[in-house]
Amino acid sequence: MVKVMKEIRMVDLVGQYQKIQEEINKSIENVILSSAFINGPEVQLFSKELGKYMDCKHTIPCANGTDALQVALMALDLHPGDEIITPGFSFIASLEVIALLGLTPVLVDVDPETFNIAPERIEKAITSKTRAIIPVHLFGQCSDMEPIMALAKRHNLYVIEDAAQSMGSIYSFNDGRLKRAGTIGDIGCTSFFPTKNLGCYGDGGALMTNNDELAEKIFSIVNHGAKIKYYHERVGVNSRLDSLQAAILRVKLKHIEEYILARQDAARRYDEFLKDTNGIKIPVRSSFSTHVFHQYTVILEEIDRKEFAGYLSSKGIPTMVYYPVPLHLQEAYRYLGYARGDFYHAEYLCDHVISLPMHTELEKDQQEYITDSIIECLNNPSR
Ligand SMILES: *Cc1c(COP(=O)(O)O)cnc(C)c1O
């Protein structure tokens with residue numbers, strides 16, 4: 001009998017769930033039977049286990065990754081007019097929370113190879129008002145943290161890492177020290193959105209820090225600004241990780257290394273099939289970071305992206321564009337005064353990148369079919 005290829009999806013959360021179904025269902029049932037829905041033991045246990053995995057002193061769960069970034073900024077006692085630097089090619093969250101808190105976002109261009117914030121461009125954007133840098137570890141690879149931490153120290157700036165897409169990725173310092181994404185700066189933020197590398201079945205997030213004083217502030221901020229119930233020492237928010245989500249995350253955290261390997265294997269297979277194909281640039285691995293492939297994002301150097309996506313779609317292959325518009329050209333942030341032409345690489349990437357299906361359940365025959373279709377598309381002048 002001929003083996004029928006599974007339907008190709010951008011992500012396959014059902015396939016992943018089916019392999020751990022019993023354990024997940026039992027965990028969910030236990031939470032319901034205990035009715036410890038808010039800040040129950042599962043939340044405390046997950047927080048401890050995550051801290052151990054990350055090798056980080058304090059992990060503070062919260063409601064989602066965007067909240068984590070907002071709370072991180074709130075913990076730094078910043079003032080209106082303070083400038084915060086973040087990359088121009090990214091998801092909106094880092095820019096959004098800076099603006100929301102009345103701080104001044106300063107965008108900088110990214111490195112065209114790694115898609116991450118370029119340290120030398122950060123330095124040029126620093127003024128007397130700069131207070132913090134939010135590097136985003138995009139698509140699964142760490143930004144170049146050693147030079148970023150060095151210039152932050154020189155200019156007395158905080159560093160908040162956005163590690164939402166790079167859970168488990170490892171940065172290596174020149175002296176051989178290794179640290180996980182999110183544990184290098186003053187505060188690290190991550191998201192457990194379902195499609196993230198460590199995802200739950202709803203919203204979730206966490207902050208990480210090795211600084212006791214910041215940890216204490218963060219604990220209080222996510223909890224209405226109170227360390228002791230009904231005694232509010234600062235303006236806070238209500239941002240909690242749900243106990244059901246914590247229970248699910250405890251099961252999935254046990255599998256994270258296996259999930260990372262599955263993504264890396266899938267990326268290697270794509271590389272292998274695509275490396276000699278003209279007109280398509282496969283992801284570059286930086287020397288200082290492992291890549292956990294939240295996305296497998298290629299650059300289309302010649303072919304029109306719409307045509308490419310349309311061709312693959314006609315073959316039953318989904319693709320996505322992360323991200324179609326650079327942050328400096330987003331409608332809501334026009335007031336910042338940026339214009340087209342300000343960030344060459346961010347603009348080029350927004351016009352030319354496309355992400356292929358990438359998840360833990362991707363199979364070799366699916367990838368062969370995807371890459372055969374890509375090569376067919378690129379070689380077909382009459383497309
Ligand atoms: C997903 C994501 C966030 C936000 O996480 P949510 O949990 O969806 O709020 C922030 N930054 C980046 C880079 C992300 O990919």
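Here the structure is a predicted model, which is why all the values come from computation and not from measurement. Reckoned from all heavy atoms, side chains included, excluding hydrogens, waters and symmetry mates. Start at 1 and go down the list; that is how both ligands and their atoms are numbered.
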Once you round to the nearest 0.5 Å, how far does CD1 of Ile8 lie from CD1 of Ile317? 5.0 Å
Look at the aromatic rings of Phe192 and Phe46 and report parallel, tilted or perpendicular, splitting at 30° and 60°. perpendicular
Would you say the side-chain atoms of His58 and Glu216 include a donor-acceptor pair closer than 3.5 Å? no
Under 3.5 Å: N/O of Ser90 near N/O of ligand 1: no
Suppose I only count heavy atoms of Val136 and a 4.0 Å limit; which atoms of ligand 1 are within that range? 13 (C)
Polar contact flag for Gln165 and ligand 1 (N/O pairs, less than 3.5 Å): yes
Short N or O distance, Asp203 and ligand 1, threshold 3.5 Å exclusive: no
Indicate yes or no: does Lys281 engage Glu113 in a salt bridge with an N to O separation below 4.0 Å. yes
Backbone or side chain, does any N or O of Phe193 fall under 3.5 Å from an N or O of ligand 1? no
Below 4.0 angstrom from a heavy atom of Asn64, which ligand 1 atoms are there? Numbered from 1 as shown, please. 7 (O), 9 (O)
So that I know where these two stand, are Tyr338 and Phe343 an aromatic pair - ring centroids less than 6.0 Å apart? yes
Min heavy-atom dist Lys196 to ligand 1 below 4.0 Å: yes
Indicate, as side chain, backbone, both or neither, the part of Asp162 found under 4.0 angstrom from ligand 1 when only non-hydrogen atoms are considered. side chain
So for ligand 1, is Thr66 a polar contact partner (N or O within less than 3.5 Å, distance only)? yes
Please name the residue in the list Thr209, Asp212, Asn210 that meets the side chain to side chain donor-acceptor pair (under 3.5 Å) test with Lys57. Asp212
Considering the heavy atoms of Ser191, write down every atom of ligand 1 situated less than 4.0 Å from one of them. 5 (O), 6 (P), 7 (O)
Any side-chain donor near an acceptor of the partner, Glu233 and Ser220, under 3.5 Å: yes
